[in-house]
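Below, chains carry the letters A, B, ... as their sequence lines are ordered, and counting in each starts from 1. FYI, side chains are in, hydrogens and waters are out, and symmetry mates aren't considered; it's all heavy atoms of this structure.
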Amino acid sequence: MSDTFTLDGREIPFEPGQTIMQAALAAGVYIPRLCYHPEFKPHGSCKLCTVKVNGRHTASCTYKAAPGLQVESNTEELNTERRTLVQMLFVEGNHFCPSCEKSGDCQLQATAYELGMMSPHFDHFFPDRPVDASHPDLLLEFNRCILCSLCVRASRDVDRKNVFALAGRGIHSHLIVNAASGRLADTNVALEDKAVQVCPVGVILKKRRGFAVPIGQRTYDAAPISGHVQGSASLTEE
Amino acid sequence: MDVVEKKKLKVATTSLAGCFGCHMSFLDIDERLFELVQRVEFDRSPLTDIKEVGPCDIGIIEGGLCNAENVHVLKEFRRQCKVLIAMGACAVNGGLPAQRNHLPLTDILSEVYLSSPGLGNGLIPNDPELPLPLNQVHPIHEVVKVDVFIPGCPPSGDAIWKVLTDLLSGQDPRLGHGLIHYD
Ligand code: SF4
Ligand code: SF4
Ligand code: FES
């Protein structure tokens, strides 16, 4: 018999060493997330997955499950905080979904839909972030980077190339390319690299492939992002 | 009570820095327009050609703010309308026009009117009748309080219909999966 904890009133079994996020996913419960990816070590930076464990806020992608924990996730309070986080991500970058190749397949957009984000709420930064189009087959559209570090982890831990890194602190954090010139063309990045596949938003894009899938057939057209977790209900379903 | 219920709500609409695509989408509610005009009456709108907005229950704004006149019209709408709706991506986040925001305005004007190929004796328009462009394009919630947002480029007729019927029946407007989209 495995141990269990309580998530929104439901008993969730877990294996020793699993995080709350991992156990929830295995049990078919969607917890919003952006920087967590099941194939990588958690980074705990976006805070979208924040839950309350025994009344205290914590990131569910880094918090280890333990017997008897009382975890709240799908509450109005937490979803409101998550919506605010997503709104901040939208205004910090330049997200013009109608002209984005990732639209319909984008986890930031799908998460915002799931959370019922009707507006960005805050004043836009409209930052100036020139794109890197130096590589013959890949485009880096920095305007949409949410600093999830998945490309950094994939390039370091899977591709063993360290092509990407996050530099700067706080509001000055930004994605950099590990080459003396700072240009993607001067790295050994390859189209098949995990780092190229993993970006949850529309930053690392294959050239000449945009808008290949018609509207209606994209990842999140048929079912919302919660529906991509086997067995999960959407956040707003009773 | 009867009198109140039968009174038609007044609705005004306008397009600021938009492409009229949202208004076209609004017309996509098709035959439901007949149902709508049973319950509302249009004030200033491209549908009526009334030029100044009067006191209204609902104001619908398409487009963001790219010049001084846009700001003036928006403030008039806010002053006259009890409920203000931002309709479409440009009103909600600046949309396509805001993609000029990282470029200096002078560079844009000289590129368009002075140095682009095929222009002879180019001149930057300076007629005093022309509203002055803003340095950056802004979504409308950055200038006035907005009560309701309908994202989408454009929002579908169904999404617009859902928000309007929710409002007319006194509910908080909600768009579920398939109706909420930003593209
Ligand atoms: S990355 Fe996602 S949220 Fe950003 S513009 Fe593209 S589709 Fe929209
Ligand atoms: S480029 Fe994509 S994967 Fe890399 S940090 Fe930015 S959002 Fe994350
Ligand atoms: S998913 Fe847990 S902090 Fe980002």
Side-chain angles (χ1 to χ4, degrees), chain A residues 83 86-87 89-106 108-131 141-144 201-202 211 214-216 218 220-228 233-237, chain B residues 18-19 21-22 25 61 64-66 84-104 107 134-156 159 162-163 166 172-183:
Chain A
R83 199 177 307 123
V86 170
Q87 286 169 323
L89 289 173
F90 270 86
V91 301
E92 274 173 28
N94 288 309
H95 293 274
F96 297 108
C97 298
S99 48
C100 178
E101 299 86 332
K102 194 79 172 186
S103 195
D105 300 312
C106 168
L108 175 64
Q109 184 191 63
T111 304
Y113 293 171
E114 183 78 43
L115 293 165
M117 185 188 106
M118 301 294 276
S119 87
H121 181 80
F122 299 105
D123 284 7
H124 288 69
F125 287 30
F126 295 124
D128 183 12
R129 298 191 197 156
V131 303
E141 224 309 3
F142 293 107
N143 289 291
R144 305 166 185 154
V201 293
F211 309 104
I215 291 178
R218 303 166 307 177
Y220 302 111
D221 284 336
I225 194 165
S226 56
H228 290 252
S234 81
L235 293 180
T236 48
E237 263 167 49
Chain B
C19 69
C22 295
S25 205
I61 309 279
L65 306 161
C66 81
L84 197 66
I85 304 180
M87 172 169 72
C90 300
V92 170
N93 69 9
L96 185 136
Q99 296 194 37
R100 76 158 158 93
N101 280 357
H102 64 282
L103 302 168
D107 290 6
L134 306 179
N135 276 342
Q136 288 197 318
V137 176
H138 291 277
I140 65 172
H141 76 268
E142 295 186 9
V143 174
V144 297
K145 178 177 186 299
V146 176
D147 305 295
V148 175
F149 296 84
I150 319 177
C153 184
S156 63
K162 174 75 166 61
V163 168
D166 280 354
D172 273 348
R174 277 202 106 95
L175 296 179
H177 178 74
L179 287 182
I180 181 170
H181 62 87
Y182 304 156
D183 56 5

Chain B contacts, top residue of A:Arg129, A:His95, A:Arg218 (heavy-atom pairs, under 4.5 Å): A:Arg218
Among A:Pro130, A:Gly227, A:Cys100, A:Ala112, single out the residue with the greatest number of heavy-atom pairs under 4.5 Å to chain B.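 Ranked by contacts with chain B, first place is A:Ala112.
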[atom1]/[X] to [atom2]/[Y] distance, rounded to the nearest 0.5 angstrom?
X: B:His138; Y: A:Asp123; atom1: NE2; atom2: CG; result: 8.0 Å
X: A:Met118; Y: B:Leu175; atom1: CE; atom2: CG; result: 4.0 Å
X: B:Asp183; Y: A:Cys97; atom1: CG; atom2: SG; result: 6.5 Å

Heavy-atom distances under 4.5 Å only: say whether [X] touches chain B with side chain, backbone, both or neither.
X: A:Asn143; value: neither
X: A:Ser99; value: side chain
X: A:Tyr220; value: backbone
X: A:Ala110; value: neither
X: A:Asn94; value: neither

Chain A heavy atoms under 4.5 Å from [X]: which part of the residue, side chain, backbone, both or neither?
X: B:Ala86; answer: neither
X: B:Val137; answer: backbone
X: B:Gln99; answer: both
X: B:Pro173; answer: neither

Under the 3.5 angstrom rule, does the side chain of B:His177 hit a backbone N or O of A:Glu114 as a donor-acceptor pair?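 Looks like no, no N/O pair under 3.5 Å.
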If you compare all heavy atoms of B:Val92 against all heavy atoms of A:Ser119, which two are closest, and at what distance to 0.1 Å?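 Here B:Val92 and A:Ser119 meet closest at CG1-CA, 4.1 Å.
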Would you check if B:His141 and A:Pro120 make a side-chain contact, meaning some heavy-atom pair closer than 4.5 Å?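 Yes, side chains in contact.
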Taking the side chain as every heavy atom from C-beta outward, state whether A:Met117 and B:Ile180 have any atom pair closer than 4.5 Å. no
Validation row, ring centre B:Tyr182 to ring centre A:Tyr113 under 6.0 Å: yes
Evaluate A:Phe126 against B:His102 for side chain to side chain contact (heavy atoms under 4.5 Å, CB included), listing each step before the verdict. CA-CA 7 Å; A:Phe126 295 124; B:His102 64 282; over 6 Å; no
